[in-house]
Amino acid sequence: MTFQPVFNHKRPVLIAGPCSAETEEQVLAAARGLQQQGIDLFRAGIWKPRTRPGAFEGIGTQGLKWLKRVKLETGIPVTTEVANAQHVYDCLKFGIDVLWIGARTTVNPFSIQEIADALEGTDIPVLVKNPVNPDYKLWVGAFERLYKAGLRRVAAVHRGFSSYGDSKYRNIPRWQMAIDLMQEFPGLEVICDISHICGRRDILAETAQKAYDLNFDGLMVEVHPSPDQAWSDAAQQLTPDGFGDLIQSLVRRAVTNNDPDFLARMENCRTEIDDIDEEIITLIAQRMQLVREVGAIKKDKNVTVLQPERFRALREALKRRGEKNELSPEFIALFLEAIHQESISQQEQIINDNPVGQPAPSDLWIKD
Ligand code: PEP
Ligand code: MN
């Protein structure tokens, strides 16, 4: 799949506007405030997918007229969320410039297919938010369905993933999934929706800077003329001036630099890193060789593969070593878990008499 840019690879792309269109005055006030900030696309939700019934579920089709007016009066292109075929037809009728598919829709292949079918034969740009759950294939599947319907101007919006329990974020970013998408589809523009990731104003700036540093193409930010009075997502919206201040505060760093000294120093470090990575793999292979030997000894004496005491001791020792070497406890925990899972898999193969190299009987590594 090769997509065409929605924003012509302009960087940074700035998409802003209220969570929901509430009144014509509110929509226009937000748009006029944002006009001075030089945004590329104005957003406002007309049909709102709310987690529980009873909350404000959107102003409906009449909001499309307000968006049309925004475009007429400010010249800024407009976008809104579509969740079914009827929404698509209404938006096409009102000349909405760009459509976006929300996180609660991307999870459902039936809905995505319905939207793709309704869009067939048009070339309207579409932004696809990640699904609410961290399922990379489901996100890619949505792009595939749109692509098959002939749509080429498609971009991604990363808005984080829901989880159970307390977190600093409303939706945990799991940045790696957006990075994977950028790697797999190099021409695809990827926008970061910091508002739905954060869910609160005070961490928007640090999250936006992180998105810039991870080379996102731009930001989607919820902006409301009176954020605290917003009918949805009040805690995360900014005023137009607040949005301006946020953007001004961010540092844009270049993707690369052509200075020969910079390139030479980078090359030196990278060569050394490549060598170290090779050594790491060789050492891990040697470690696994010993692990298999231990597996054979355990088999001989009919002892279990998993040895909780040994694992606990190993974890403590590595944690201390990590602390001494400026490695975060989170990294050490993940690293050890990966090593330990592979060790268990390899020993299970020995204990169950599977030839090494055959699929492991353990499902520890099975991700699908
Ligand atoms: C929104 O952008 O207002 C919205 C509902 O977002 P999401 O689909 O990311 O929850
Ligand atoms: Mn919102």
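Counting convention: from 1, in listed order, for ligands and their atoms alike. This chain uses plain numbering: 1 for the first residue, then up along the sequence.
Proximity to Gly102 (heavy-atom distance under 4.0 Å) selects the following atoms of ligand 1: 8 (O). Near Lys48, meaning under 4.0 Å from one of its heavy atoms, ligand 1 places the atoms 1 (C), 3 (O), 5 (C). Below 4.0 Å from some heavy atom of Arg159 lie the following atoms of ligand 1, by number and element: 7 (P), 9 (O), 10 (O). The Cys19 neighbourhood of ligand 1 comprises atoms 3 (O), with distances under 4.0 Å to a heavy atom of that residue.
Considering only non-hydrogen atoms, atom 2 (O) of ligand 1 lies nearest to Arg43 out of Arg170, Arg43, Glu81, Met220. The residue from His196, Glu222, His158, Arg104 that puts a heavy atom closest to atom 4 (C) of ligand 1 is His196.
Considering His224, Arg200, Glu222 in turn, Glu222 is the only one that fulfils the side chain to side chain donor-acceptor pair (under 3.5 Å) rule with Gln236.
Between Arg270 and Asp274 there is no salt bridge, since none of the side-chain N atoms of the basic residue sits less than 4.0 Å from a carboxylate O of the acidic one. Using a 4.0 Å cut-off between charged nitrogen and carboxylate oxygen, Glu206 and Lys168 count as a salt-bridge pair. We find that Arg312 and Glu309 are joined by a salt bridge, their nearest charged nitrogen and carboxylate oxygen being less than 4.0 Å apart. Looking at Asp233 and Arg170, a side-chain N of the basic residue comes within less than 4.0 Å of a carboxylate O on the acidic one, giving a salt bridge. Between Lys71 and Asp97 there is a salt bridge, since a side-chain N of the basic residue sits under 4.0 Å from a carboxylate O of the acidic one.
Counting only distance, with no hydrogens or angles, the side chain of Arg43 and the backbone of Pro18 share a donor-acceptor pair below 3.5 Å.
Remark: the Arg320 side chain and the Asn325 side chain contain no N/O donor-acceptor pair separated by less than 3.5 Å.
Scanning all protein heavy atoms for the shortest distance to atom 8 (O) of ligand 1 gives Ala103 N, 2.8 Å. Nearest to atom 6 (O) of ligand 1 among the protein's heavy atoms is Lys129 NZ, 2.9 Å.
Between Thr105 atom OG1 and Trp47 atom CH2 the span is 12.0 Å, to the nearest 0.5 Å.
The aromatic rings of Phe161 and Trp139 sit perpendicular, their planes meeting at an angle over 60°, well past the 30° parallel limit.
Among the atoms of Pro49, none of the N or O lies under 3.5 angstrom from an N or O of ligand 1. Residue contacts with ligand 1: Asp233 is placed with no nitrogen or oxygen under 3.5 Å of a nitrogen or oxygen of the ligand (distance criterion only).
Near-neighbour remark for the Mn ion (ligand 2): protein N, O or S atoms under 2.8 Å are Cys19 SG, His196 NE2, Glu222 OE2, Asp233 OD2; waters not counted.
The aromatic ring centres of Phe94 and Trp66 sit 6.0 Å or more apart.
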